[in-house]
Colleague: 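Here's a structure for you.
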Amino acid sequence: MIKIELLSETNFCLESLDLYNRKQNVNKVYRRIDGEYTLVECKYTEDWDLNKKRSVAKQISSDEYITYVALENDKVVGFIGLLRKLNGPYMILDMMQVTSECRGKGVGRRLFEAGKAEARKAGAEALYISACSSEETIAFYRAMGSSLASDPIKEIAAEEPFDLQMICPVKE
């Protein structure tokens, strides 16, 4: 049984992601061609080494973040990291990951719902997502109710020029 919990000192430490399987094989990505987003072939594998895992663990457990973790037998199998400080009407969904072996099992949906609830509590109108342009990632965010941002946050868009800037309303 996978539990979703607010990250705390009792369920997370800097080594909690050491065995985390971040691997994602990407085959197609969205690219802007003639003003429209089009799927194009672009094969690569995204993965994290131990230094990256520890860096992410430190980041999402800092006071700047509100983070929920998905735990299976006390092992982290997913997380969503939200920036605590709102950016205008948005709460920034800065990071969201589910281990490769737990994808497609509703873990991401449950984490995303926790993120939306947190954004509502903070008074945000929407989650703002700088989303990896892979076909699967964009399909997930669209299934969660996200759409392309009509007015992207320039600094965030400039940091990740191949990401798609998306928003997901959180009002019920």
Side-chain angles (χ1 to χ4, degrees), residues 1-17 20 22 24 30 46 48 52-72 74-99 102-134 136-172:
M1 180 67 184
I2 296 174
K3 302 178 293 189
I4 307 296
E5 297 179 1
L6 192 59
L7 180 145
S8 71
E9 289 178 11
T10 58
N11 64 19
F12 195 86
C13 67
L14 290 183
E15 293 80 34
S16 290
L17 299 180
Y20 189 83
R22 165 62 184 94
Q24 180 180 0
Y30 284 92
E46 209 168 299
W48 291 346
K52 176 68 173 176
K53 290 175 184 180
R54 295 260 173 103
S55 171
V56 167
K58 185 177 182 179
Q59 196 174 348
I60 64 173
S61 58
S62 77
D63 290 340
E64 291 176 40
Y65 283 78
I66 299 168
T67 301
Y68 283 85
V69 290
L71 300 164
E72 185 173 45
D74 297 324
K75 180 182 166 210
V76 176
V77 295
F79 61 88
I80 183 170
L82 308 152
L83 291 181
R84 193 175 293 279
K85 185 175 183 286
L86 296 185
N87 187 317
Y90 303 123
M91 177 169 269
I92 308 295
L93 188 169
D94 192 51
M95 270 188 263
M96 186 168 154
Q97 304 288 334
V98 174
T99 62
C102 289
R103 292 182 194 136
K105 297 180 179 178
V107 176
R109 176 177 296 277
R110 291 171 59 205
L111 285 166
F112 196 82
E113 288 302 326
K116 284 173 67 174
E118 204 57 56
R120 271 192 296 277
K121 253 195 320 196
E125 291 175 19
L127 284 174
Y128 185 94
I129 310 144
S130 184
C132 165
S133 62
S134 75
E136 297 82 4
T137 300
I138 299 307
F140 169 79
Y141 285 125
R142 284 191 170 137
M144 295 298 100
S146 305
S147 58
L148 291 175
S150 57
D151 189 19
I153 298 171
K154 288 173 183 44
E155 311 82 68
I156 295 175
E159 267 180 42
E160 295 285 350
F162 290 119
D163 279 9
L164 271 64
Q165 305 303 305
M166 303 182 84
I167 57 166
C168 183
V170 298
K171 300 288 182 211
E172 289 189 294

Colleague: What are the two closest heavy atoms between Leu111 and Ala70, and how far apart are they?
Modeller: CD2-N, 4.1 Å
Colleague: Grab the two heavy atoms, one from Cys132 and one from Ile138, that are nearest each other, plus how far apart they are.
Modeller: O-CD1, 3.3 Å
Colleague: Under 3.5 Å, which donor-acceptor pairs do the side chains of residues 74-85 form with other protein atoms, sequence neighbours left out?
Modeller:
residue, atom, partner, partner atom, Å
Arg84, NE, Asp63, O, 2.9
Arg84, NH2, Tyr65, O, 3.0

Colleague: Report the C-alpha separation of Ile153 and Gln165 in whole Å, then their side-chain angles, then the decisive distance to 0.1 Å, and conclude whether the side chain to side chain contact (heavy atoms under 4.5 Å, CB included) test is met.
Modeller: CA-CA 8 Å; Ile153 298 171; Gln165 305 303 305; 5.8 Å; no
Colleague: Which value, rounded to the nearest 0.5 Å, describes the distance between Leu148 atom CG and Tyr30 atom OH?
Modeller: 9.5 Å
Colleague: Where is the tightest heavy-atom contact between Arg120 and Val170, given as atom of each residue plus distance?
Modeller: NH1-O, 2.6 Å
Colleague: Using atom types as modelled and distance alone, determine if a side-chain donor or acceptor of Tyr20 lies under 3.5 Å from a backbone N or O of Gln97.
Modeller: yes
Colleague: By side-chain contact (heavy atoms from CB on, under 4.5 Å), which residues pair with Arg103, not counting sequence neighbours?
Modeller: Arg22, Gln24, Val98, Ser100
Colleague: Working to the nearest 0.5 Å, report the span between SG of Cys168 and OH of Tyr128.
Modeller: 14.0 Å
Colleague: Apply side chain to side chain contact (heavy atoms under 4.5 Å, CB included) to the pair Met95 and Gln59, showing each step before the final yes or no.
Modeller: CA-CA 10 Å; Met95 270 188 263; Gln59 196 174 348; 3.5 Å; yes
Colleague: Count the heavy atoms of every other residue, nucleotide or ligand shown that sit under 6.0 Å from CD of Glu15, and state whether that count exceeds 12.
Modeller: yes
Colleague: Which atoms form the tightest heavy-atom contact between Gly123 and Lys171, and what is the distance?
Modeller: O-NZ, 4.1 Å
Colleague: Calculate, to the nearest 0.5 Å, the distance between atoms CG and CG belonging to Leu127 and Leu93 respectively.
Modeller: 5.5 Å
Colleague: What distance separates Leu7 CG from Ser16 OG, expressed to the nearest 0.5 Å?
Modeller: 7.5 Å
Colleague: Check step by step if salt bridge (charged side-chain N to carboxylate O under 4.0 Å, His left out) holds for Glu113 and Arg110.
Modeller: CA-CA 5 Å; Glu113 288 302 326; Arg110 291 171 59 205; over 6 Å; no
Colleague: Answer yes or no: is there a side-chain heavy-atom contact under 4.5 Å between Phe12 and Thr67?
Modeller: no
Colleague: What pairs of residues pass the side chain to side chain donor-acceptor pair (under 3.5 Å) test when at least one of them lies in residues 141-160, not counting sequence neighbours?
Modeller: none
Colleague: Looking at every heavy atom in both Leu14 and Arg54, which two are closest together, and how far apart are they?
Modeller: O-CD, 3.4 Å
Colleague: Atom CD1 in Ile66, atom CG in Asp94: separation rounded to 0.5 Å?
Modeller: 12.5 Å
Colleague: Identify the heavy atoms of Met91 and Ala124 that sit nearest to each other, and give their distance.
Modeller: N-CB, 3.8 Å
Colleague: CE of Met166 to OG1 of Thr137: how many Å apart, nearest 0.5 Å?
Modeller: 10.0 Å
